[in-house]
Number of protein chains: 2
Amino acid sequence: METDEFLKLENQLCFPLYAASRLVTKCYQPVLDEMGLTYPQYLVLLVLWEKDSVNLSVLSGKLQLQSNTLTPLLKRMQEMDLVNRVRSDQDERSIIISLTEKGQLLKSGVPEMQSRLANNIGITQEEGQVLHSLLYKLIENLKV
Amino acid sequence: METDEFLKLENQLCFPLYAASRLVTKCYQPVLDEMGLTYPQYLVLLVLWEKDSVNLSVLSGKLQLQSNTLTPLLKRMQEMDLVNRVRSDQDERSIIISLTEKGQLLKSGVPEMQSRLANNIGITQEEGQVLHSLLYKLIENLKV
DNA sequence: TACGATTATATCGTGTACGATACAAATGTA
DNA sequence: TACATTTGTATCGTACACGATATAATCGTA
């Protein structure tokens, strides 16, 4: 490739990552709107549905989001009565995030929602798996 | 896969996309900081270095960002003397974005910056190409 | 057991993103 | 040529992201 070719937007890896991420999020939006959730809030619920009652640093590690992003986000989710935020007894620096009943109940609607979305992204299951593993390879290399 | 498996964060495609995108951006940040740029501002420059003097709707289409994101972003870039924003003579609704001399000059430092970054993402060139084409397939399916 | 370092979270400021909406210029058409 | 429609940007409000910084609780260790 010519030197100049490397400067083209379309030849970058960073841009399609950025664009695809936002487009996929946008694709989720209408369905999430029905549940009154934003996309990062949905990700928090995915973590909690898998393992309830985790502290902020665990959530932070799983989502790769820092406390300055998660704290206000979780406060909003607390106001919506989706999660509880309680100081740990063992370590009073720690905040334990747990699901409320309302937060639990949202889980039941998600499989149907996911199947509705899965058919819309226009790639095969195999391509999805390749994409998945390459993205995780990237993530493992870049995080920390 | 069990129904519950689909609900795990790690089995989603949306999350690794979102996380990888942010991690790659963060990887660019130190180098962009030296140039005084944010990541979306760098993307705007990539478009303009390839083709100078485009109107906002073209930029909007290429970056898949709307006017409510681009307008304030471009105003900041104008204040930094990186771009000019001029109303078109032919169509007074249109805003033409062009590079200032300062914006032009930044281009020269980029190839070196890109090669510095390329070695850090930890995937092979072939994997990068596969990732690239899958992401574009996703983008083409999802946009509009 | 003092006390400096570390850890866990929160606060602040800046810059995106984006839905909803506004508005002026251009266009189509009766 | 009026005037409804469309097009191209801009404005407003809300919610992330994240660097820098603050603060309180805990830990390590001399």
Side-chain angles (χ1 to χ4, degrees), chain A residues 15 18-34 36-44 54-61 63-80 82 85-97 142-143, chain B residues 15 18-34 36-44 54-61 63-80 82-83 85-97 142-144:
Chain A
F15 171 67
Y18 168 74
S21 171
R22 286 184 300 106
L23 286 168
V24 168
T25 301
K26 204 181 287 189
C27 180
Y28 272 74
Q29 210 52 62
V31 200
L32 291 176
D33 280 346
E34 292 174 23
L37 294 173
T38 66
Y39 181 72
Q41 288 169 4
Y42 168 67
L43 294 180
V44 167
V54 295
N55 62 28
L56 203 148
S57 58
V58 169
L59 208 53
S60 172
L63 297 177
Q64 290 289 301
L65 287 169
Q66 297 161 359
S67 71
N68 48 6
T69 300
L70 286 173
T71 297
L73 191 157
L74 291 168
K75 282 185 177 174
R76 278 187 289 273
M77 292 181 77
Q78 187 179 29
E79 281 171 20
M80 292 189 281
L82 292 172
R85 297 167 65 252
V86 186
R87 288 275 166 195
S88 163
D89 283 343
Q90 289 83 43
D91 187 340
E92 295 227 346
R93 295 168 303 177
S94 234
I95 285 272
I96 312 284
I97 321 292
L142 294 181
K143 78 179 184 189
Chain B
F15 170 67
Y18 168 75
S21 171
R22 285 184 300 106
L23 287 169
V24 168
T25 301
K26 203 180 289 189
C27 181
Y28 272 72
Q29 209 53 60
V31 199
L32 291 177
D33 280 346
E34 292 174 23
L37 293 173
T38 66
Y39 181 70
Q41 288 169 2
Y42 168 66
L43 294 180
V44 167
V54 296
N55 62 28
L56 203 149
S57 57
V58 168
L59 208 53
S60 173
L63 298 177
Q64 290 289 302
L65 288 168
Q66 298 161 359
S67 72
N68 48 7
T69 299
L70 286 174
T71 296
L73 191 158
L74 291 169
K75 282 185 177 174
R76 278 186 287 272
M77 291 182 78
Q78 187 179 29
E79 282 171 19
M80 292 188 281
L82 293 172
V83 300
R85 298 167 65 252
V86 186
R87 289 275 165 193
S88 164
D89 282 342
Q90 288 84 42
D91 187 339
E92 294 227 344
R93 294 168 304 179
S94 230
I95 286 272
I96 312 284
I97 321 293
L142 294 180
K143 78 178 184 190
V144 192

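Letters go in sequence order (proteins before strands), and every chain restarts at 1. Just so you know, these numbers come straight off a predicted model, no measurement behind them.
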K.L.:
Choosing from dT9(C), dC16(D), dC18(C), which nucleotide comes nearest the side chain of Gln66(B)?
P.N.:
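Within the option list, the nearest is dC18(C).
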K.L.:
Which of the following nucleotides, dA10(D), dC18(C), dT16(C), is nearest to the side chain of Arg22(A)?
P.N.:
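That would be dC18(C).
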K.L.:
For the side chain of Ser60(A) and the backbone of Leu56(A), is there at least one donor-acceptor N/O pair under 3.5 Å apart?
P.N.:
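Not confirmed, Ser60(A) side chain does not pair with Leu56(A) backbone.
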K.L.:
For the pair made of CG in Leu59(A) and P in dC16(D), what is the distance, rounded to whole Å?
P.N.:
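Rounded to whole Å, this separation is 13 Å.
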K.L.:
Within the 4.0 Å heavy-atom criterion, would you say Gln41(A) contacts the bases, only the backbone, or no part of the nucleic acid?
P.N.:
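Here Gln41(A) touches the backbone only, sparing every base.
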K.L.:
Looking only at N and O atoms, is any donor in the side chain of Asp91(B) or the base of dG8(D) less than 3.5 Å from an acceptor on the other one?
P.N.:
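No, the side chain and the base share no sub-3.5 Å donor-acceptor pair.
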K.L.:
Compare the minimum distances between each of dA10(D), dA17(D), dG19(C) and the side chain of Thr71(B), then state the nucleotide with the smallest one.
P.N.:
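Closest of the options to the side chain of Thr71(B): dA10(D).
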K.L.:
What is the separation between atom CZ on Arg87(A) and atom P on dT7(C), rounded to the nearest whole Å?
P.N.:
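Rounding to the nearest Å, CZ of Arg87(A) and P of dT7(C) are 17 Å apart.
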K.L.:
Can you find a side chain N or O atom of Ser60(A) that sits less than 4.0 Å from OP1 or OP2 on dT9(C)?
P.N.:
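No, because none of the side-chain N or O atoms of Ser60(A) sits under 4.0 Å from OP1 or OP2 of dT9(C).
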K.L.:
Separation of Leu37(B) atom CG from dG19(D) atom C1', in whole Å?
P.N.:
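So the two atoms are 17 Å apart, to the nearest Å.
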K.L.:
For Tyr18(A) and dG15(C), what is the distance between atoms OH and P respectively, to the nearest whole Å?
P.N.:
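These atoms are roughly 15 Å apart.
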K.L.:
Testing the basics here: between Val54(B) and Leu59(B), what is the closest heavy-atom pair and its distance to 0.1 Å?
P.N.:
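Nearest pair, atom of Val54(B) first, then Leu59(B): CG2-CD1, 4.1 Å.
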K.L.:
Quick one: does Arg87(A)'s side chain get under 4.5 Å of Ile95(A)'s, heavy atoms only?
P.N.:
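A side-chain contact exists here, since the closest heavy-atom pair is under 4.5 Å.
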K.L.:
Examine the base of dT7(C) for any acceptor or donor lying under 3.5 Å from a partner atom in the side chain of Arg93(A), and report the outcome as yes or no.
P.N.:
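Looking at the base of dT7(C), it does pair with a donor or acceptor on the side chain of Arg93(A) (distance under 3.5 Å).
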K.L.:
Can you check the Asp33(B) CG to dG15(C) P distance for me, whole Å?
P.N.:
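After rounding, the reported distance stands at 12 Å.
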K.L.:
Can you tell me whether the side chain of Thr38(A) and the base of dA15(D) have a donor-acceptor pair closer than 3.5 Å?
P.N.:
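Under the 3.5 Å cut-off, the side chain and the base do not form any donor-acceptor pair.
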K.L.:
Is the shortest side-chain heavy-atom distance between Tyr28(A) and Leu37(A) below 4.5 Å?
P.N.:
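Result no, sub-4.5 Å side-chain heavy-atom pair not found.
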K.L.:
For Ser67(A), answer base if it contacts any base atom (sugar-phosphate contacts may also be present), sugar-phosphate if it contacts only those atoms, and nothing otherwise; contact means non-hydrogen atoms under 4.0 Å.
P.N.:
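It contacts base atoms.
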K.L.:
Nearest nucleotide by nearest heavy atom, which residue falls closer to the 5' end of DNA chain D, Asp89(A) or Pro72(A)?
P.N.:
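Here Pro72(A) is the residue nearer the 5' end.
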K.L.:
Under a 4.5 Å cut-off applied to non-hydrogen side-chain atoms, are Phe15(B) and Leu63(A) in contact?
P.N.:
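Yes, their side chains come closer than 4.5 Å.
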K.L.:
Between Arg22(A) (side chain only) and Gln64(B) (backbone N and O only), is there a donor and an acceptor less than 3.5 Å apart?
P.N.:
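Side chain of Arg22(A) to backbone of Gln64(B), a donor-acceptor pair under 3.5 Å: yes, one is there.
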K.L.:
Roughly, in whole Å, what's the span from CG in Leu73(B) to P in dA10(D)?
P.N.:
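Atom CG in Leu73(B) sits about 12 Å away from atom P in dA10(D).
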K.L.:
Just the rounded figure in Å: distance from P of dG15(C) to CD of Glu79(B).
P.N.:
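Interatomic distance, CD of Glu79(B) to P of dG15(C): 9 Å.
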K.L.:
Could you check how far CG of Leu32(B) sits from C1' of dT16(C), rounded to whole Å?
P.N.:
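Rounding to the nearest Å, CG of Leu32(B) and C1' of dT16(C) are 14 Å apart.
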K.L.:
Can you figure out which of dA17(D), dT9(D), dC16(D) approaches the side chain of Leu65(A) most closely?
P.N.:
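So the nucleotide nearest the side chain must be dA17(D).
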K.L.:
Does Ser94(A) reach a base, just sugar-phosphate, or nothing at all? Heavy atoms under 4.0 Å.
P.N.:
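Result for Ser94(A) = sugar-phosphate.
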K.L.:
Any side-chain N or O of Lys75(A) below 4.0 angstrom from OP1/OP2 of dT11(C)?
P.N.:
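Yes, because at least one side-chain N or O of Lys75(A) sits under 4.0 Å from OP1 or OP2 of dT11(C).
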K.L.:
Assign each of Arg85(B) and Glu92(A) to its nearest nucleotide of DNA chain D by heavy atoms, then name whichever residue's nucleotide is nearer the 5' end.
P.N.:
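Closest to the 5' end, via its nearest nucleotide, is Arg85(B).
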K.L.:
Please confirm whether the shortest side-chain N or O distance from Arg76(A) to OP1 or OP2 of dC16(D) is below 4.0 Å.
P.N.:
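For dC16(D), OP1/OP2 do have a side-chain N/O of Arg76(A) under 4.0 Å.
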K.L.:
At under 4.0 Å between heavy atoms, what does Thr69(A) touch on the DNA or RNA strands: base, sugar-phosphate, or nothing?
P.N.:
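Base contact - Thr69(A) has a heavy atom under 4.0 Å of at least one base atom.
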K.L.:
Where the side chain of Asn68(A) is concerned, which of dG15(C), dC12(C), dT11(D) is the nearest nucleotide?
P.N.:
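Per side-chain heavy atoms of Asn68(A), the pick is dC12(C).
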K.L.:
Choosing from dT9(D), dC18(D), dT9(C), which nucleotide comes nearest the side chain of Leu56(A)?
P.N.:
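The closest nucleotide is dT9(C).
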